S.K.: 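Below you will find the structure I want to go over with you.
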Amino acid sequence: MATIAFIGLGNMGGPMAINLVKAGHDVCVFDLSPEAVASVVEQGGRKADTAMASVNNAEFIVSMLPAGKHVEGVYLGADGSAGLIEHIGEGSLVIDSSTIDAATSQKVASQLAVKGIEFIDAPVSGGVGGAKAGTLSFMVGGSDNCFERAKPILECMGKNIFHAGDHGAGQIAKVCNNMLLSVLMVGTSEALQLGVDNGLDPKVLSDIMSKSSGSNWTLDVYNPCPNVMENVPSSNNYEGGFMVDLMAKDLGLAMDTAVTSRSSTPMGALARSLYAMHSTAGNGAKDFSSIYNLFKKS
Ligand code: NAD
């Protein structure tokens, strides 16, 4: 059993922390939202009143926060308040599973290293369903030693644990994956609506395409058309899941990455614009499969 601090208990972090509890670890949890803390404490997590208190005696610190500014603020400090860097014990391993820019991951890693604190970036794929089922894919950036040390902890929350390279490499793998995911979601949405507009039943069309060359994850397990599948956000008014604003953030990260490496990403650029437009139309808090509504005829 390991002593683990878990910070950020939202749609993803909550179920991930619960899986660590279920695996028998001592998990001390903190979130700015008391409701989020209460839902993990109900399942056996230990409550901390502050982020600082959560890291007391922790061998591992896992964070699942919205964006780079939150990760940097929590670990290195912000607005004059000290970060966890002053409180985490030497030799502890920080596992940041948030999706953020690689440069921030590298900055946090190098500053923690000065204090003898180890760090890996370990963003995930698999959505809220994967977080609940403990079947996430982890994409890890960091040293071989830290990867091996983190693996038994990550295996309590995920099924596929990949070592992408050094610090920041996990984040690069993640933005590539999410850029592809957004393109697939937009393409699947427009194809389904084209079929519906021409008299097809979206369930029948989904069955056909998922057994044909158009098969992909968004069609097979996260269908964006309402009532084709049970237990997906599209059949629940696009509630829960992965927010449009988070996808828009990830596509911004992908575009920044492409500018730095002078890579061409025309499909990703179009998907970023569509998600930005969808967000400014008031859909930022909806699940990202709600992009389907862009194609529906009113
Ligand atoms: P979320 O908004 O549901 O949860 C974020 C949590 O962080 C909230 O509970 C918030 O209160 C908490 N928080 C923010 N600042 C904090 C601070 N300073 N201290 C403590 N807690 C703080 O977001 P989510 O959907 O769980 O996503 C988290 C990360 O995982 C994001 O980087 C996202 O891009 C990534 N991600 C999400 C999904 C998904 O399907 N939702 C999938 C893969 C990756």
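When a ligand or atom number is given, it counts from 1 through the structure's own listing order. Keep in mind it's a predicted model, so treat the numbers as computed, not measured. Keep in mind that the numbers below use all heavy atoms, side chains included, and drop hydrogens, waters and symmetry copies.
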S.K.: Which atoms of ligand 1 sit under 4.0 Å from any heavy atom of Lys249?
M.R.: 31 (C), 32 (O), 33 (C), 34 (O)
S.K.: Quick test of your reading of the structure: of Gly68, Gly8, Pro66, whose heavy atom lies closest to atom 5 (C) of ligand 1?
M.R.: Pro66
S.K.: Quick test: of every protein heavy atom, which one is nearest to atom 18 (N) of ligand 1, and how far off is it to 0.1 Å?
M.R.: Val74 CG2, 3.5 Å
S.K.: Can you name the closest pair of heavy atoms from Ala271 and Val183 and give their distance?
M.R.: CB-CG2, 4.3 Å
S.K.: Tell me which part of Ile100 gets within contact of ligand 1: side chain, backbone, both or neither, using heavy atoms under 4.0 Å.
M.R.: neither
S.K.: Give the minimum heavy-atom separation between Phe6 and Gly8, together with the two atoms involved.
M.R.: CE2-O, 3.4 Å
S.K.: Considering only protein heavy atoms, which is closest to atom 26 (O) of ligand 1, and at what distance to one decimal place?
M.R.: Met12 N, 2.9 Å
S.K.: Run the numbers for me: atoms of ligand 1, each under 4.0 Å from some heavy atom of Ile7, listed by number.
M.R.: 20 (C)
S.K.: Please verify whether a non-hydrogen atom of Gly127 lies at under 4.0 Å from ligand 1.
M.R.: yes
S.K.: Before accepting this row, confirm whether a basic side-chain N of the pair Glu90/Lys115 lies closer than 4.0 Å to the acidic partner's carboxylate O.
M.R.: no
S.K.: Would you please classify the geometry between the Phe242 ring and the Phe288 ring as parallel, tilted or perpendicular, with 30° and 60° separating the classes?
M.R.: perpendicular
S.K.: Where is the nearest protein heavy atom to atom 4 (O) of ligand 1: which residue, which atom, and how far?
M.R.: Gly10 CA, 3.2 Å
S.K.: Looking only at non-hydrogen atoms, find the nearest pair between Asp31 and Gly10 and report the distance.
M.R.: OD2-N, 4.0 Å
S.K.: Please write down residue, atom name and distance for the protein heavy atom closest to atom 2 (O) of ligand 1.
M.R.: Met243 CE, 4.2 Å
S.K.: Which residue supplies the protein heavy atom nearest to atom 15 (N) of ligand 1, what is that atom called, and how far is it?
M.R.: Leu32 CD1, 3.6 Å
S.K.: Using a 4.0 Å cutoff against the non-hydrogen atoms of Phe30, which atoms of ligand 1 qualify?
M.R.: 19 (N), 20 (C)
S.K.: Answer side chain, backbone, both or neither: which part of Lys174 comes under 4.0 Å from ligand 1, heavy atoms only.
M.R.: side chain
S.K.: Give the single entry among Asp31, Val29, Asn11 that approaches atom 12 (C) of ligand 1 most closely by any heavy atom.
M.R.: Asp31
S.K.: State whether the shortest distance between N or O atoms of Gly241 and N or O atoms of ligand 1 falls below 3.5 angstrom.
M.R.: yes
S.K.: Can you pull out the closest protein heavy atom to atom 43 (C) of ligand 1? Residue, atom name and distance to 0.1 Å, please.
M.R.: Val124 O, 3.5 Å
S.K.: Heavy atom under 4.0 Å from ligand 1: found in Leu246's side chain, backbone, both, or neither?
M.R.: side chain
S.K.: Which side-chain N or O atoms in residues 116-142 pair as donor and acceptor under 3.5 Å with protein atoms at least two apart or in another chain?
M.R.:
residue : atom : partner : partner atom : Å
Glu118  : OE1  : Arg149  : NH1          : 2.8
Asp121  : OD1  : Gly168  : N            : 2.8
Asp121  : OD2  : Gly168  : N            : 3.3
Asp121  : OD2  : Gly170  : N            : 3.0
Asp121  : OD2  : Gln171  : N            : 3.2

S.K.: Any nitrogen or oxygen of His70 lying under 3.5 Å from a nitrogen or oxygen in ligand 1? Just yes or no.
M.R.: no
S.K.: Donor-acceptor check, side chain of Asp101 to backbone of Thr104, threshold 3.5 angstrom: yes or no?
M.R.: yes
S.K.: Name the closest protein heavy atom to atom 13 (N) of ligand 1, giving the residue it belongs to and the distance to 0.1 Å.
M.R.: Leu65 CD2, 3.7 Å
S.K.: By the definition side chain to side chain contact (heavy atoms under 4.5 Å, CB included), identify the one residue from Val55, Ile95, Leu93 that meets it with Ile61.
M.R.: Val55
S.K.: I need the Cys225 SG to Tyr292 OH distance, nearest 0.5 Å.
M.R.: 3.5 Å
S.K.: Can you tell me which residue and heavy atom of the protein come closest to atom 30 (O) of ligand 1, and the distance to 0.1 Å?
M.R.: Met64 CE, 3.1 Å
S.K.: Could you please spell out the steps behind the side chain to side chain contact (heavy atoms under 4.5 Å, CB included) verdict for Met247 and Leu251?
M.R.: CA-CA 6 Å; Met247 178 53 99; Leu251 288 168; 4.0 Å; yes
S.K.: Do you know the tightest heavy-atom contact between Ala17 and Leu9?
M.R.: CB-CD2, 3.9 Å
S.K.: Could you tell me which residues satisfy side chain to side chain donor-acceptor pair (under 3.5 Å) with Ser279, sequence neighbours excluded, listed by chain and number?
M.R.: Asp245
S.K.: Going by the atom numbers of ligand 1, which of them fall below 4.0 Å from some non-hydrogen atom of Thr99?
M.R.: 32 (O), 34 (O), 35 (C), 44 (C)
